[in-house]
Amino acid sequence: MNFLKFKSTFLPLVCFSTNQIASVFPDFNSMNLTRWVKQGDVVRLRRGWFCFPEFQRDIDFVRLAANRIYRPSYISLQYALSFYGMIPESVVQFTSVTTLKTANFENLWGQFSYQNVKESLMFGYEPHVVSHPLANGQAFMMATPEKALLDFLYLNPYYNTHDELEELRLDEDFMTESLNRERLLDFLQKFKSKILDKRINKLLEIYG
């Protein structure tokens, strides 16, 4: 297999799987892929998923990879909260939620963490188009600020009291001016969790 032909075929996908390779090239020799990974021509993202090294330099491609290598999933939790400026910390781990089992992966692009939620909670995310021309209009899915906050508090049950919620150090300007409270409460109803209801009510009291 000629590497240039292989690359021109799969470069537009950004991330690609061994299943996709087999569907395009049924006679593909997997030893080629092993050799290209060793040479640095191809990057292994997780078992069965790969990309090309030039995408390591574009953060949007990494976010897109987070969606692709473990699906269905969307970026949420700490990474999304940091992305929107809702928490002061810079989060380097790509945190997502999924209906699949909880999982963690590490590769040259970084650390990818996935937490399980039931299928009825897979909502409240929207596409962010990757602007790079190689992306061909592809987009990664990320929770809205409101859903990221709900996901976080739902999956981290130790934030219960006013003091514990204040320890999150949520950005006061965002919470009082940018947070869509109507959307937050609408999403909250879909969780059907009395415990989460109490946490959100306390949080809204803190931020007026």
Side-chain angles (χ1 to χ4, degrees), residues 14-15 43-47 49-51 53 55-132 135 138-159 164-175 177-180 183-184 187-188 190-191 193 196 199-200 203 207:
V14 180
C15 307
V43 176
R44 188 189 307 274
L45 298 174
R46 59 163 294 216
R47 183 177 180 181
W49 279 93
F50 303 86
C51 72
F55 292 133
Q56 288 179 254
R57 295 186 288 272
D58 193 300
I59 188 62
D60 275 356
F61 282 123
V62 187
R63 294 165 179 154
L64 182 61
N67 288 176
R68 294 283 177 80
I69 66 175
Y70 205 63
R71 62 172 76 183
S73 68
Y74 63 90
I75 298 172
S76 187
L77 307 168
Q78 297 97 316
Y79 189 91
L81 294 176
S82 177
F83 177 85
Y84 293 118
M86 296 175 69
I87 57 176
E89 295 84 9
S90 176
V91 178
V92 296
Q93 187 180 56
F94 296 90
T95 55
S96 302
V97 297
T98 178
T99 54
L100 303 178
K101 66 180 181 180
T102 294
N104 293 278
F105 306 107
E106 186 171 358
N107 54 49
L108 292 177
W109 277 6
Q111 295 181 333
F112 297 78
S113 171
Y114 301 82
Q115 292 197 50
N116 170 264
V117 296
K118 53 190 176 183
E119 190 171 346
S120 62
L121 298 182
M122 290 289 288
F123 68 90
Y125 52 89
E126 54 193 15
H128 294 254
V129 176
V130 178
S131 60
H132 196 288
Q138 296 180 78
F140 61 89
M141 298 295 174
M142 182 179 289
T144 65
E146 298 76 22
K147 186 57 162 50
L149 182 59
L150 290 169
D151 285 342
F152 180 82
L153 291 176
Y154 178 73
L155 292 169
N156 294 278
Y158 36 83
Y159 292 102
E164 289 166 343
L165 289 167
E166 285 182 335
E167 287 178 4
L168 288 173
R169 296 187 297 160
L170 294 171
D171 185 81
E172 187 169 356
D173 289 340
F174 191 101
M175 293 297 295
E177 298 175 14
S178 300
L179 188 74
N180 186 328
R183 177 192 284 170
L184 178 74
F187 286 174
L188 177 61
K190 298 179 181 180
F191 277 79
S193 168
L196 185 59
R199 291 190 190 118
I200 293 300
L203 194 66
Y207 294 99

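Residues in residues 62-79 take part in these salt bridge (Lys or Arg N to Asp or Glu O under 4.0 Å) pairs, two or more places apart or across chains: Asp60-Arg63. Listed by first and then second residue, the salt bridge (Lys or Arg N to Asp or Glu O under 4.0 Å) pairs that reach into residues 81-90 are Glu89-Arg169, sequence neighbours excluded.
Under the rule for a side-chain contact (heavy atoms from CB on, under 4.5 Å), the partners of Glu164 that lie at least two apart in sequence or sit in another chain are Tyr159, Asn160, Thr161. Partners of Phe105 by ring-ring contact (aromatic ring centres under 6.0 Å, His included), not counting sequence neighbours, listed by chain and number: Tyr70, Tyr114. Applying the ring-ring contact (aromatic ring centres under 6.0 Å, His included) criterion to Phe140, with sequence neighbours excluded, gives His128. In this view, Phe123 and Phe187 satisfy the ring-ring contact (aromatic ring centres under 6.0 Å, His included) rule, not counting sequence neighbours.
Between Asn67 and Phe94, the closest side-chain pair of non-hydrogen atoms is not below 4.5 Å. Put simply, the side chain of Tyr154 reaches to within 4.5 Å of the side chain of Leu121, judged on heavy atoms. Leu153 has its side chain within reach of Leu168: a pair of non-hydrogen atoms, C-beta onward, lies under 4.5 Å apart. Between Thr144 and Asn180, every side-chain heavy-atom pair lies at or beyond the 4.5 Å cut-off. The shortest side-chain heavy-atom distance between Ile75 and Phe83 does not fall under the 4.5 Å cut-off.
Using a distance-only test at 3.5 Å, with no hydrogens or angles considered, a donor-acceptor pair links the side chain of Thr98 to the main chain of Pro72. With hydrogens and angles disregarded, a donor-acceptor distance shorter than 3.5 Å links the side chain of Thr95 to the backbone of Ser76. Lys147 places no side-chain N or O within 3.5 Å of a backbone atom of Arg183 that could act as its donor or acceptor partner. For Arg199 (side chain) and Leu150 (main-chain N/O), no donor-acceptor pair under 3.5 Å exists by modelled atom type.
Minimum heavy-atom separation, Pro145 to Phe174: CB-CZ, 3.7 Å. Among all heavy-atom pairs drawn from Leu45 and Ala65, the shortest one is CD1-CB, 4.3 Å. Minimum heavy-atom separation, Ala66 to Ser73: O-OG, 3.5 Å. Taking every heavy atom of both residues into account, Trp109 and Cys51 meet most closely at CZ2-SG, 3.3 Å. Residues Met122 and Thr99 come closest through the heavy atom pair CG-CG2, 3.3 Å.
The number of heavy-atom neighbours closer than 6.0 Å to CD of Glu172, taken from other residues, nucleotides and ligands shown, is 12 or below. At most 12 non-hydrogen atoms from other residues, nucleotides or ligands lie less than 6.0 angstrom from CZ of Arg44.
Side-chain atoms of Asn116 and Thr102 form no donor-acceptor pair, as typed in the model, at a separation below 3.5 Å. Looking at Tyr74 and Asp151, their side chains do bring a donor and an acceptor atom within 3.5 Å of each other.
To the nearest 0.5 Å, the span separating CG on Leu179 from OH on Tyr207 amounts to 10.5 Å. Atoms OG and CD, on Ser113 and Glu106 in that order, are 11.5 Å from each other to the nearest 0.5 Å. Of the inter-residue distances, the one linking Leu155 atom CG with Gln115 atom CD reads 5.0 Å to the nearest 0.5 angstrom. Annotation: the span from Leu196 atom CG to Lys190 atom NZ amounts to 14.0 Å, rounded to 0.5 Å. With rounding to the nearest 0.5 angstrom, the CD1 atom of Ile200 is 10.5 Å from the CD atom of Glu146. From Gln138, atom CD reaches atom CZ of Phe61 across 8.0 Å, with rounding to the nearest 0.5 Å.
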Take Asn107 and Phe112 through the side-chain contact (heavy atoms from CB on, under 4.5 Å) test and state the conclusion after the steps.
CA-CA 8 Å; Asn107 54 49; Phe112 297 78; 3.4 Å; yes
Check step by step if side-chain contact (heavy atoms from CB on, under 4.5 Å) holds for Met175 and Leu203.
CA-CA 9 Å; Met175 293 297 295; Leu203 194 66; 4.0 Å; yes
